[in-house]
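Notes to accompany the following structure.
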Amino acid sequence: MKRSLPGQRPRKRRALAAALAVAGTAALTACSGGDPFDSGSDGGDGDTIVIGSQDYYSNEIIAEIYAQALEEAGYTVDRQFRIGQREAYLPEIEDGTIDLFPEYSGPLLQYWNAETSVNLPDEVYAELEGAVPDGLRVLDQSPANDQDSYTVTQEFADEWGLTAIGDLAEVTTPLVLGGNSEAETRAYGPAGMMETYGIEIGFTPIEDGGGPLTVQALEDGDIQLAVIYTASPAIAQGGLVTLEDTEGLFLASNVVPLASDNVDDEAAAIIDGISAGMDTEDLIALNVRSVEEELPAATIAEDWLAENPQ
Amino acid sequence: MSLLMDAGAWLGDPANWSGDNGVPTRTVQHLAITGAAVGIAAAVALPAGVLIGHTRRGAGLVGALSGAARAIPTLGLLTLFGLAYGIGLKASLAALVVLAVPSILAGAYAGVQAVDAATVSAARAVGMRPRQVLFGVELPLAAPVVVGGVRAAVLQVVATATLAAYIADYGLGRYLFAGLKSRDYAQMLAGALLVAALALLLELAFAAAQRYAATRIADPARSDRNDTRTVQKGPTS
């Protein structure tokens, strides 16, 4: 009995290892869309612009738009997409391995300056320009943002004529905010709402992070306000309206390209053009195409560039 | 270790023991939804299980159904019910009832079915009517297993009732969700300890109930025998 076991096991293991290797390779190629073993060591030289992206589908689409626009202009681009979260990729940008990265203004500023107290888009951008380390710079910020904000149903917005958070003061029926428990104690919760806008709101916990239950609760009228990302496909799918945050209750999070010195002025001008031509509605539309039509980032980026030639 | 001490400090803070978000309020809410879920589930599953055990029909179906129902993830179910009923307690209650039904159903039918067929025949032979057979013979003999089913259901539901806080401002789960998202792990651990303590207390209570069912209801003769024995012992000692 015992002798036959060692003979059997390796075969099983080999099969398992092969299966894992295949699955792993498939997963890697599916994620990065490029050669996963090319670490981008040739990045940083003058010829190739290495573009990275977060492990977030929406961010990857923006990075892909950058990449295709630069390729169109004759640059050689190396895509290093789906790298992970900020803690994982920012050191790579800081040491020059990655040259260009679509970022978000507020969270990026908080990475370098955790104590910052500014929330409004322009103030955040101004402070961000000063916080960027040597050898890096932020290009123009885009009007497109992807951030937390108060969201209401189209119906509710029409009923009370709401476009900005401050308009909620006109609403005479009780307002209840639904969101993750953390929202109750965060600066943008009921207490912050009272402090910044002087508007009293109640709170109900819904722990699905602005997911389908939150949207359903909005539609049912169980809650009137929800904290949902401004670029979430749910905004378009659910007929929701994002209220403009004129007083800076939420940290601004506009799309802003982070670039190394390897991105020359001509390339920077192309990226600035993309940023200027993209607004939050575009971002939502891109995200909806990704989520609903399940198209790859390359196709979505190509179509957007065709409609918005640089 | 320091986390455990932080949780202890959190539990020791009088501020956490009063108001709408205080431990007593949350514990009562937690017990209420647990009781309601098990109560509704028992009202459905006990008669159904006893009937199936009594008639010995549909046992295979019940086994398959309750087995399958056990595999349903409660959080997924909660999301489905939440989408159907909206946020609030109704959805969580419905999800918890689905969680409680299989154990109670299985306990009821297995308990009644396991009663010795010869005993049932004997009861009929001495002239007991079907109703008398059921309530006088089958149910008392099945009592320990039936209570065991309810006990299992209570344990599952009291632990899972934390999910009520997923879509409502209700129960001890609020401490878990609030602590998780704001990285207040002391509060989270304190909430978990409270749920564990509650589960333990209920478990002890039901263990006692099950023992009572086994000694007093299912086998009253045993206590009689004990009494007789003491009486018999009297003269010999």
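In what follows, chains are A, B, ... by sequence order, proteins preceding strands, each numbered from 1.
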Above 12 or not: heavy atoms from other molecules or residues under 6.0 Å from [atom1] of [X]?
X	atom1	answer
Tyr212(B)	OH	no
Glu195(A)	CD	no
Arg57(B)	CZ	no
Tyr85(B)	OH	no

_Per-residue contact mode, Ala165(B) against chain A (heavy atom under 4.5 angstrom)_ =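 The answer is the backbone of Ala165(B).
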Item to check | Under 4.5 Å from any heavy atom of chain A - which part of Ala168(B) | outcome: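 The answer is the backbone of Ala168(B).
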For chain B, find which of Asp220(A), Asn180(A), Thr185(A), Thr204(A) contributes the most heavy-atom pairs closer than 4.5 angstrom.
->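 Between Asp220(A), Asn180(A), Thr185(A), Thr204(A), the count favours Asn180(A).
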**Message:** With chain A as the partner, which of Thr79(B), Asp169(B), Leu83(B) has the greatest number of non-hydrogen pairs under 4.5 Å?
**Reply:**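 The residue among Thr79(B), Asp169(B), Leu83(B) with the greatest pair count is Leu83(B).
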Could you please state which residues from residues 147-177 of chain A sit under 4.5 angstrom from chain B, measuring non-hydrogen atom to non-hydrogen atom, sorted by number, or 'none'?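 Under the 4.5 Å heavy-atom cut-off, nothing qualifies.
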> Heavy atoms under 4.5 Å from chain B: which residues of residues 207-219 of chain A carry them?
Replying inline: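 Contacts with chain B: Glu207(A), Asp208(A), Pro212(A), Leu213(A), Gln216(A), Ala217(A).
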### Task
List for me each residue that meets side-chain contact (heavy atoms from CB on, under 4.5 Å) alongside Pro102(A), sequence neighbours excluded, and say none if there are none.
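Asn59(A), Ile62(A), Ala63(A), Tyr66(A).
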* **For Ala153(B), side-chain contact (heavy atoms from CB on, under 4.5 Å) partners two or more places apart** =>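 Ala153(B) satisfies side-chain contact (heavy atoms from CB on, under 4.5 Å) with Ala100(B), Ser103(B), Ile104(B) once adjacent residues are dropped.
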